[in-house]
Amino acid sequence: MEYISSDIEKKWQEYWKENESFEPSEDFTLDKKYILSMFPFPSGRLHMGHVRNYSISDALARYHRQQGKNVLHPIGFDSFGMPAENAAIKNGSHPKGWTYDNIDYMKNEFYSLGFSFSRKREMATSDELYTKFEQAFMIDMYNKGLLYREKGMLNWCPHDQTVLANEQVVDGCCWRCDTPIVKKDMNQYYFKITDYSDELLADLSKIEDGWPKQVLTMQENWIGKSNGLAFDLLFDDDSKSKLNAEFESFDVFTTRPDTIYGVSYTALAPEHAIVTYMIDNKLLDEDTIAKITKMKNTSSIDRQKVKEGLALGLNVIHPLTGKTVPVWIANFVLMDYGSGAVMAVPAHDDRDYDFAKKYDLPINAVIKPKDTDVDVSEKAFTDAGVLFNSGEFDGLNSKKSQYNIIKMFEEKKIGAKTTNYKLKDWGVSRQRYWGAPIPFIHCKDCGLVMEKKENLPIALPDDVEINGEGSPLENHPTWKNCKCPECGKDAVRETDTMDTFVQSSWYFLRFCASPETLEKAAFTPEEIKYWMGVDHYVGGIEHAILHLLYARFFTKVFRDLGYLDFDEPFDKLLTQGMVLKDGAKMSKSKGNTVDPDAIIAKYGADTARLFILFAAPPTQELEWNDSAVEGAYKFIKRFFDRSSNVVATESKPVIEHSTLSKEEKLARKKVYEALERANDVFAERYTFNTMIAGVMEAMNALNSQSNTDVWSEGYWILASIMEPVIPHTAWEISDKYFNLKNLSPQTTVSEVFVEDSITLGVSVNGKRRGEVEVDANASKDEILVAAKAEVAKWLEGKELVKEIVVPKKLVNLVIKG
RNA sequence: GCGCAGGUGGUGGAACGGUAGACACGCAACGUUGAGGUCGUUGUGCCUUCGGGUGUGGGGGUUCAAAUCCCCCUCUGCGCACCA
């Protein structure tokens, strides 16, 4: 019988659909596994990265299903977002039609790959039902103070005409279209993620066993916690009067209080309130104001290129020495970190050093290495060391003095130990159409008012014109008009929509909702309790910060809102590597893509899945290789063809091992080795490539013998091992010969590992010189006699100083002379 | 600059201190074939005077034994980056 992939795959895909083979049970007493892969954006067609992502999660899902677990393996679409609008502008399509057409197409692709998703839980985040529950959460979060509206300087992408979160600005440019970001002053909604900075950082320890270290580190760096001293710098009298007594002081933060005696100037961000006051009140000359304005309008990338500054003509008093210190503006001081002002110690900070050199400011060294003198004539000395020229702290090391200096500031009540974070609140409003509307209303009398929950969802209007200019909701003639839920007077809806990362921050909770729950609630507490946390989360490393941080944040918020009672959503995270071709990431612009549909048409889904899981371990990059794909196809064909050696049976054949020939014994051993490797791979290593290699070895060994029972037993087990990888072929074989009974937990047989004789490597001084075959029960002395005979020529005339026998592995003889 | 990951045949990759290169791709030879492909068998790290030598980015160390552990260097990829 010939292997015709299309016939077999179609047959089983229909069978799985008709039999609802992959729907999870609602029996919450069963052992569960929640296997989740990051859901896709409905871009139109699957790419190889998708195939890899879902091949990995599907293998996990199918394995655990075979093991008798109640498996939830859902799929959905992250379907709001700008590409739908961009397509609308380009082709005149409607974002909704475009999106749902793409979803239909991609769903077919998924099922043609044989992925074992729960069909009943399919959803898209642009579904009105999804929006309904999400809007209710927004209202809850607002009421809890976790969502707020504020005017501020925002990241604005001039190309996409929308605001971006800090996380979405990459190297000063838009993460989507690479356009340089400009700052724009406007109203924006924020999630108060900074309330959770400490917990998001601390709880990384709760998931460190299940997450890649790289991701943990990236999140840690992103949150960016640093401890230090915050204190006020008081203006001298002259400066106070210059400022019309409006300002007494300003606040600075330092992580190096040990260098405080080295302060030779201070610097404000160009956006600092004192600078703004001086500009507004004409306390600076025209030329200076023009320079500051230019500084403020320079993009963040350009601002990093060269240090610029200006003296303000103000002085503050050093809190410890009492000396006056000049106040400057410096472009490297960031308004949104700390207080937007710094104390500058050029002798011990690289940035301060460059700036001092440029503007000829004093460089006063106060820290030196333990054993030598310090030299700051060429560059700053930024290491920790020993203090000098530091009054009562002379002679202390950096660490000790930091503690003492902070303590002294606290005792004198002129400063305090302070923690700063790089993490900022998450700006979530977008001035776009294709997103979830923010369910808030602006009333002239009542101000910002929440929509009533019974009126949700606030759905998008379909009749919009999308031309890329301004917000279609803002320009819609009627949609935004409404009545105030509080006073009933005319009011207008918020026309901003939510960042699409909001939808992906809780979709994994929505998947827990059973078909019965779907309409009634986002999910029930029982469902969440049973299915969460996600046992295996599979996705790309590119989400290491954005999505994974936001999802962790939402989980903690939902916990505090009382919807659930755990801290972290994803127990284990598997970040798959990229799919490359010719050494570069597959992309349309590079023209090096391989279309999954074409591979399925030519070789079948099983071949695509086998190649992808065999070519590299899942966490590594995967280089596409056409002839290796061909190789995967040939293996499946061989696997299928040789199944003709099997005799149909409904239970695994019982074999009397001792009566078998050497080849037959070896075949059984290889089969059971493959089984043990498979169990190990699924338990912790996920190196499917080695599991498949084990099956190939077993196949090679089976082919070297002709015992029908050994063939049947071998296929009983190998088809079970391979089912998560090549499900169609495995079900076809298992159905034909085993009535599918072998797709179940497999037990090992210890007798196959018992050997009559074993081969040991023999090395002399660690170098391999030969091998000996000895009886399995041979004593150490017997082994040594044989080993010495084997390598006699190497031992001749030498003194044997040590003999090491590693059981079942090797013998090492150490000689001298 | 800081952090993380990594460097093994012609290629993808095995080897969780114990016979380096499993398994596969590629290549070569032979068989099958009118030819090509498929399929099957065999070989394949490098050098070699066929004794052997050498070999996991480079150098050192620990060990009876190191791709694996430790130190230094180097290169590559990824992330963060004027964060005070």
Side-chain angles (χ1 to χ4, degrees), chain A residues 170-171 212-222 224-226 228-230 252-256 259 266-267 269 300 303-307 330-334 336-345 348-352 354-355 382 420-424 541-542 544-545 577-578 580 610-611 614-617 619-632 634-635 637-638 641 680 684-685 687 689-700 703 759-771 793 801-815:
Chain A
V170 180
D171 292 334
K213 195 171 178 193
Q214 191 189 4
V215 177
L216 296 168
T217 310
M218 283 166 75
Q219 294 225 346
E220 193 179 317
N221 291 343
W222 190 264
K225 180 177 182 169
S226 52
L229 169 70
V252 293
F253 172 72
T254 179
T255 53
R256 291 293 304 270
T259 66
T266 66
S300 60
R303 216 165 132 168
Q304 281 178 38
K305 283 180 188 154
V306 63
K307 292 192 171 44
N331 67 344
F332 67 86
V333 181
L334 309 174
D336 56 5
Y337 183 76
S339 58
V342 297
M343 66 174 217
V345 186
H348 305 296
D349 180 281
D350 290 327
R351 292 154 304 165
D352 298 349
D354 293 347
F355 193 84
T382 57
N420 263 311
Y421 298 91
K422 290 187 206 172
L423 184 67
K424 309 275 187 314
I541 186 83
E542 65 271 21
I545 297 177
M578 287 189 300
L580 311 179
L610 177 62
F611 165 73
F614 182 56
T619 54
Q620 270 180 46
E621 287 178 342
L622 182 151
E623 174 74 28
W624 190 266
N625 179 331
D626 287 325
S627 44
V629 174
E630 190 86 32
K634 286 181 198 166
F635 173 78
K637 249 170 70 169
R638 252 193 328 267
D641 290 345
D680 183 43
E684 50 188 327
R685 279 150 53 81
T687 47
N689 54 329
T690 63
M691 175 184 94
I692 295 162
V695 171
M696 288 172 169
E697 280 185 62
M699 277 295 291
N700 292 342
N703 206 42
T759 304
L760 299 173
V762 183
S763 40
V764 178
N765 284 356
K767 280 200 201 314
R768 184 170 193 271
R769 295 302 183 190
E771 64 178 38
K793 66 186 247 194
V801 291
K802 203 164 185 178
E803 300 163 339
I804 288 131
V805 178
V806 183
K808 293 181 186 169
K809 300 269 186 189
L810 55 72
V811 177
N812 190 20
L813 300 170
V814 184
I815 56 171

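Numbers restart at 1 for each chain; the letters A, B, ... are given by sequence-line order, proteins then strands. A quick note: this is a predicted structure, and the numbers were derived from the prediction, not measured. All values below come from the heavy atoms of this structure, side chains included, with hydrogens, waters and symmetry mates left out.
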For A:Tyr337, what residues pass the ring pair (Phe, Tyr, Trp, His ring centres under 6.0 Å) criterion, not counting sequence neighbours?
none
I need the [atom1]-[atom2] distance between [X] and [N], as an integer number of Å.
X: A:Leu622; N: B:G77; atom1: CG; atom2: P; result: 19 Å
X: A:Met218; N: B:G3; atom1: CE; atom2: P; result: 16 Å
X: A:Gln304; N: B:C83; atom1: CD; atom2: C1'; result: 11 Å
X: A:Glu771; N: B:U19; atom1: CD; atom2: P; result: 12 Å
X: A:Ile804; N: B:U19; atom1: CD1; atom2: C1'; result: 15 Å

Compare side-chain N and O positions of [X] against OP1 and OP2 of [N] and report whether any pair is under 4.0 Å apart.
X: A:Thr690; N: B:C23; answer: no
X: A:Arg769; N: B:G52; answer: no
X: A:Asn700; N: B:A24; answer: yes
X: A:Asn689; N: B:A14; answer: yes

P spacing across the pair B:G9 / B:A14, given as an integer number of angstrom
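Those two atoms are separated by 14 Å.
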Is [X] touching bases, backbone alone, or none of the nucleic acid, heavy atoms closer than 4.0 Å?
X: A:Asp680; value: base
X: A:Lys307; value: base
X: A:Lys793; value: sugar-phosphate
X: A:Glu621; value: sugar-phosphate

Distance under 6.0 Å and angle within 45° of the ring axis: does A:Lys307 meet both against A:Phe332?
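Flagged: A:Lys307 positioned over aromatic ring of A:Phe332.
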